[in-house]
Amino acid sequence: MNIPLFVPTYRVDECLAEIRDCLEKGWTGLGYKTIEFEERWKEYTGFQHAHFLHSATAGLSLAVEVLKMTKGWKKGDEIITTPLTFVSTNHTIRYHALKPVFADVDHYLCLDPDDMVKRITPKTRAVLFVGMSGNTGQYERVVELCKQHGLALILDAAHMAGTRLHGCIPGKEADAVVYSFQAVKNLPTADGGMVCFHEAAQDHLVRKLSWLGINKDTYTRTNAEGQYRWLYDVEHVGYKYHGNSIMAAIGLVQLRYLDQDNAYRKQLCTWYEQALADVGPAISVIPVAPDCDSSRHLFMISAPARNELLALLNENGIFPGVHYRINTAYRMYRHARGQCPIAESMSDRIISLPLHLRMTYADIQTITNVIKQYVNNL
Ligand SMILES: *Cc1c(COP(=O)(O)O)cnc(C)c1O
């Protein structure tokens, strides 16, 4: 029996019932369930604002654009970011003619605040922090430094659905927090994302930008009184980035189980940690920051001769992943290579072991036994 990296799990009957509501009502688009999902997400996180989109990539792009517009950033202004992330994170800076400036990562594989400070220039406008694997890393120090240096803060929380820091959902200090509900994330729909702005005016603006710059959504219009419900203005050259009610319907069900699902992920990680406790110094488990109750999106280890271990795991029907190759290994970011030695070396060492809700204690033993066999042969 193969053990894949990710297997999304859905409460099928509950999802179908929510989707049925949409189909029977004849409302599958923007509005209706998208609004309900935004309301539930605000209750769950405690954020003031939340706007549902078709992806986190759209959310990050709009976060950058809205902050650029409202804060008057110029072409060529800089955002400090991590090179160890899904390319989506850094593409969204480039979409808006801004420059991603890479800072190195720490032992949590999150942005290292000490290295981040060294990258600040007169053109720096913001920091983009990625909560790798659900971990908050040294997020609080990054928040302090952003305040001190007058920088905006965007939190790429694609891995962080359900993460708590000191018992609370982190991100209230950030200008924008962006979640992913893509198919393999902790709250899987098929594709979806949420952007949560701190400022009401920015939330208002993003709702227009995500629907072509139109200043009223269809649902509001259909429910408005009078003969002018068709009338709207177009205030911006916006995008078609908003989410739809079918995805929100799935999201509503998944959200009910998010904490329960994350608790099982945590259990699986504890079993991994116990099984790897005596494996020796060759393998290290990427730690979770103190006071962080991680969503445990990924369980990551660092290993020498990583590709050989991957091959051995594959031979045994185990299919881990790598999150991520350093972005400067890609042609589009190659110009910036050599600036982040820790990220560079970790990029060749990290493995994300299988982690999903259908796994059992026995699966963890199978996987960790292969790792032990590999270490013994080193
Ligand atoms: C998945 C992911 C994204 C993009 O999310 P989508 O919803 O697929 O657009 C961005 N950043 C990180 C760190 C991710 O893992």
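Counting starts at 1 for both ligands and their atoms, in listed order. All values below were derived from every heavy atom in this structure, side-chain atoms included, with hydrogens, water molecules and symmetry-related copies excluded.
For the salt bridge (charged side-chain N to carboxylate O under 4.0 Å, His left out) test with Asp261, the passing option among Lys185, Arg358, Arg11, Arg256 is Arg11; the others fail.
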Using a cut-off of under 3.5 Å, which N/O atoms of ligand 1 pair up with protein N/O atoms, and what distance separates each pair?
residue: ligand 1; atom: 5 (O); partner: Ser180; partner atom: OG; Å: 3.3
residue: ligand 1; atom: 7 (O); partner: Ala56; partner atom: N; Å: 2.9
residue: ligand 1; atom: 7 (O); partner: Ser180; partner atom: OG; Å: 2.7
residue: ligand 1; atom: 9 (O); partner: Ala56; partner atom: N; Å: 3.3
residue: ligand 1; atom: 9 (O); partner: Thr57; partner atom: N; Å: 2.8
residue: ligand 1; atom: 9 (O); partner: Thr57; partner atom: OG1; Å: 2.5
residue: ligand 1; atom: 11 (N); partner: Asp156; partner atom: OD1; Å: 3.4
residue: ligand 1; atom: 11 (N); partner: Asp156; partner atom: OD2; Å: 2.8
residue: ligand 1; atom: 15 (O); partner: His159; partner atom: NE2; Å: 2.8
residue: ligand 1; atom: 15 (O); partner: Lys185; partner atom: NZ; Å: 3.0
residue: ligand 1; atom: 15 (O); partner: Tyr324; partner atom: OH; Å: 2.9

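In this structure, the side-chain contact (heavy atoms from CB on, under 4.5 Å) partners of Asp114, at least two apart in sequence or on a different chain, are Asp112, Arg141.
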Pairs under 3.5 angstrom only: tabulate donor-acceptor contacts from the side chains of residues 149-161 to other protein residues two or more places apart or in another chain.
residue: Asp156; atom: OD1; partner: Ala158; partner atom: N; Å: 3.1
residue: Asp156; atom: OD2; partner: Thr89; partner atom: OG1; Å: 2.9
residue: His159; atom: ND1; partner: Ser133; partner atom: N; Å: 2.8
residue: His159; atom: NE2; partner: Tyr324; partner atom: OH; Å: 2.9

All N/O donor-acceptor pairs, side-chain side in residues 271-285, below 3.5 Å, sequence neighbours left out:
residue: Tyr272; atom: OH; partner: Pro354; partner atom: O; Å: 2.7
residue: Glu273; atom: OE2; partner: Arg296; partner atom: NH2; Å: 3.0

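Around the NZ atom of Lys42, the shell of radius 6.0 Å holds more than 12 heavy atoms that belong to other residues, nucleotides or ligands.
Remark: Gln339 CD to Ile326 CD1 distance equals 9.0 Å, nearest 0.5 Å.
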